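Lettering follows sequence order; numbering is per chain, from 1. Just so it is clear, the model here is predicted, and its values are computed rather than measured.
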Amino acid sequence: MAGEEHGNGHHRGHDHDHDYSELDETELRVRALESLLIEKGYVDPAALDELIETYETRVGPRNGAAVVARAWSDPAFMQALRNNATAAIATLGFTGRQGEHMVAVENTANTHNMVVCTLCSCYPWPVLGLPPVWYKSPPYRARAVSDPRGVLTEFGVTLPQGTNIRVWDSTAEVRYLVIPMRPDGTEEMREEQLATLVTRDSMIGTGLALTPDKARAQGLL
Amino acid sequence: MDGPHDLGGKPGFGPVVPEPNEPVFHDAWEKRAFALTLAMGFTGTWTIDTSRHARERIPPADYLTIGYYRVWLEGLCTLLKEHDLASADEIASGKSAAPPVPVKRILKASDVAATLAKGGPASREPDAPARFGVGDRVRTLAAGVDHHTRLPAYVRGQIGTIAQVHGCHVFADTNAHGRGECPTWLYGVAFDAATVFGPSRAGDSLHLDLWEPYLEPA
């Protein structure tokens, strides 16, 4: 949707027609670049397909949701996450690129955590996949540190009075995963059901975990 | 470097607009630009810090408007030219006009899963003790620098507290410029958000991962 893309700085400053001609030009440039790099033998086209396939279909926020659901269900796993999140997350099979040094930060009744990368787009790929456009765009990168409550409002989230916000700016190779608060009324739920409550945004800190009612309304439960 | 990428606290960019049911990629070319950037990174010709710096040097008006994967594309073209893997004419035409330059490795499809799962840890063995410990008060450098750095402008000259000692990590400031990994102590540093951004932020904190040379005792 053009309006939303403008708001995110995705194609900001270009009118609609210009967007399309520029898109075509970019597409041609990327095609030329790809054929050059294949001709030079620097890249294997099948490896390119595999890279895309991996992040389009296999690595995404369902991984992180499994980590959170385990943390909610198993106090020993929660403690392992606190001690060494990289190792604990690896026991669920999620490792590697852009998740080499993981830290889990827990929301509590008094503390809300929010993750940003003001300098680029650092994001924990093995547990969340590739970041959404808004995470990589100037409005979020600028205001997550200076006005996190305002940003949360734009996500429809209002925190209770007295909640302190910790903003984690991913300036080095450490990557942060927010462990959202477990919603009330979920005591009887199994780990796989709990995972359906864990949204991507709740693990970035721009959302909260879904209540069971909300998850049912969305057809997730 | 005070480039257009250093966005923390900068006013005027408007609201965050989440896109419902956002796809992983919006256009077919974005997928290819993403994969080409990763695959060329795996050749080992440059480091992740070098590639970040290539993007930061995009002229500010372009950096802020062309969109994320266009930034990646421009960064990749810069790296290919600067490392003599391809000329501007070759990049424009898509046709090779000179023999390829040998590269350290070429990513094969069958190795993608294992390579991604292995990743590239930035931690290194220390060769000197850490200067700071948890609870120490530190002041960040006040002056900007003319090279790649990971100390954002909004926390320059601020007093913070060491909250974590992450160990020795590859130092982005040297690694970005081909001056070696120079393993350097990396700390999680907590800052009082009210001090940095004003009294409306009382009780909030900002947490950044900062290398030892960015810090002095306070």
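- When each of A/R31, A/H112, A/E34 is scored by its heavy-atom pairs under 4.5 Å with chain B, the top score falls to A/E34.
- Contacts of B/L85 with chain A are made by both backbone and side-chain atoms, with heavy-atom separations under 4.5 Å.
- The backbone N or O of B/G120 lies less than 3.5 Å from a partner atom in the side chain of A/E100, making a donor-acceptor pair.
- Contacts of B/Y63 with chain A are made by side-chain atoms alone, with heavy-atom separations under 4.5 Å and no backbone atom involved.
- Side-chain contact between A/L119 and B/P152 is present, with at least one heavy-atom pair separated by less than 4.5 Å.
- At a 4.5 Å heavy-atom cutoff, the contact between B/S96 and chain A is made by backbone and side-chain atoms alike.
- Put simply, the side chain of A/R143 does not reach to within 4.5 Å of the side chain of B/F13, judged on heavy atoms.
- Residue contact with chain B, scored on non-hydrogen atoms closer than 4.5 Å, involves the backbone and the side chain of A/E56 alike.
- Taking A/R29 as the reference, B/E74 meet the salt bridge (charged side-chain N to carboxylate O under 4.0 Å, His left out) condition, with sequence neighbours excluded.
- Looking at heavy atoms from C-beta onward, A/K40 lies out of side-chain contact with B/V101 at the 4.5 angstrom threshold.
- Contact count against chain B (heavy-atom pairs under 4.5 Å) is highest for A/F155 among A/F155, A/F94, A/Y135.
- When heavy atoms are compared at a cutoff of 4.5 Å, B/L206 approaches chain A by way of both its backbone and its side chain.
- Nearest heavy atoms, B/E19 versus A/W134: N-CD1, 4.4 Å.
- No other option in B/K95, B/E56, B/R55, B/K31 has as many heavy-atom pairs under 4.5 Å with chain A as B/K31.
- Interface remark: B/E90 contributes backbone and side-chain atoms alike to the contact with chain A (heavy atom separation under 4.5 Å).
- Under the 3.5 Å distance criterion, with hydrogens and angles disregarded, a donor-acceptor pair is assigned to the side chains of A/S121 and B/Y68.
- Using a 4.5 Å cut-off between heavy atoms, B/A28 makes no contact with chain A at all.
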Could you list the donor-acceptor pairs under 3.5 angstrom formed by side chains in residues 102-118 of chain B, with sequence neighbours left out?
residue	atom	partner	partner atom	Å
B/K104	NZ	B/G44	O	3.1
B/R105	NE	B/F42	O	2.9
B/T115	OG1	B/D111	O	2.6

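- A/E173 CD to B/D49 CG: the interatomic distance, rounded to the nearest 0.5 Å, is 6.5 Å.
- In terms of heavy-atom pairs under 4.5 Å with chain A, the best-connected choice from B/M40, B/H166, B/R201 is B/R201.
- By the 30° and 60° cut-offs, the orientation of the rings of B/F34 relative to A/Y55 is perpendicular.
- Rounding to the nearest 0.5 Å places NE2 of B/H207 at 11.0 Å from CG of A/D169.
- For the options A/V103, A/T111, A/T171, heavy-atom pairs under 4.5 Å to chain B are most numerous at A/T171.
- Taking CH2 of A/W168 as the reference point, atom CG of B/D209 lies at 8.0 Å (rounded to 0.5 Å).
- Taking every heavy atom of both residues into account, A/L33 and B/C77 meet most closely at CD2-SG, 4.2 Å.
- Using a 4.5 Å cut-off between heavy atoms, B/R52 touches chain A through its side chain atoms alone.
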Sequence neighbours excluded and cut-off under 3.5 Å, please list the side-chain donor-acceptor pairs for residues 182-194 of chain B, or say none.
residue	atom	partner	partner atom	Å
B/T184	OG1	B/C182	O	2.6
B/W185	NE1	B/A128	O	2.8
B/Y187	OH	B/R131	N	3.2
B/Y187	OH	B/F132	N	3.2
B/Y187	OH	B/E212	OE2	2.4
B/D192	OD1	B/A194	N	3.2
B/D192	OD2	B/T195	OG1	2.8

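- Looking at A/L37, only its side chain comes within 4.5 Å of chain B, counting heavy atoms on both sides.
- Contacts with chain B were tallied for A/D201, A/V59, A/V151, A/N164; A/N164 has the most, counting heavy-atom pairs under 4.5 Å.
- By number of non-hydrogen pairs under 4.5 angstrom with chain A, the leading residue of B/G119, B/S205, B/G203 is B/S205.
- A/D49 is listed as a side-chain neighbour of B/R32, based on a closest heavy-atom distance under 4.5 Å.
- Heavy-atom pairs under 4.5 Å with chain B peak, among A/G99, A/S170, A/P148, at A/P148.
- Counting heavy atoms from C-beta on, the side chains of B/R150 and A/C120 come closer than 4.5 Å.
- Two residues are said to be in side-chain contact when any heavy atoms from C-beta on lie closer than 4.5 Å; B/L73 and A/V30 meet this criterion.
- Residues A/T26 and B/I66 have side chains not in contact (no heavy-atom distance under 4.5 Å, counting atoms from C-beta outward).
- Side-chain contact between B/K10 and A/R141 is absent, with no heavy-atom pair separated by less than 4.5 Å.
- A/R149 touches chain B through its side chain: at least one heavy atom from C-beta onward sits under 4.5 Å away, while N, CA, C and O do not.
- At a 4.5 Å heavy-atom cutoff, A/P126 makes no contact with chain B through either its backbone or its side chain.
- In terms of heavy-atom proximity, A/P139 sits nearest to B/G14 at CB-O, 3.4 Å.
- Near-neighbour residues of residues 81-93 of chain A relative to chain B, defined by a heavy atom under 4.5 Å from a heavy atom of that chain, are none.
- Chain B forms the most heavy-atom pairs under 4.5 Å with one residue out of A/T54, A/V43, A/L130, and that residue is A/L130.
- When every heavy atom of A/L48 is checked against every heavy atom of B/A39, the shortest pair comes out as CD2-CB, 3.7 Å.
- The nearest pair of heavy atoms linking B/D204 to A/I165 is OD1-N, 2.9 Å.
- At a 4.5 Å heavy-atom cutoff, the contact between B/P99 and chain A is made by backbone atoms alone.
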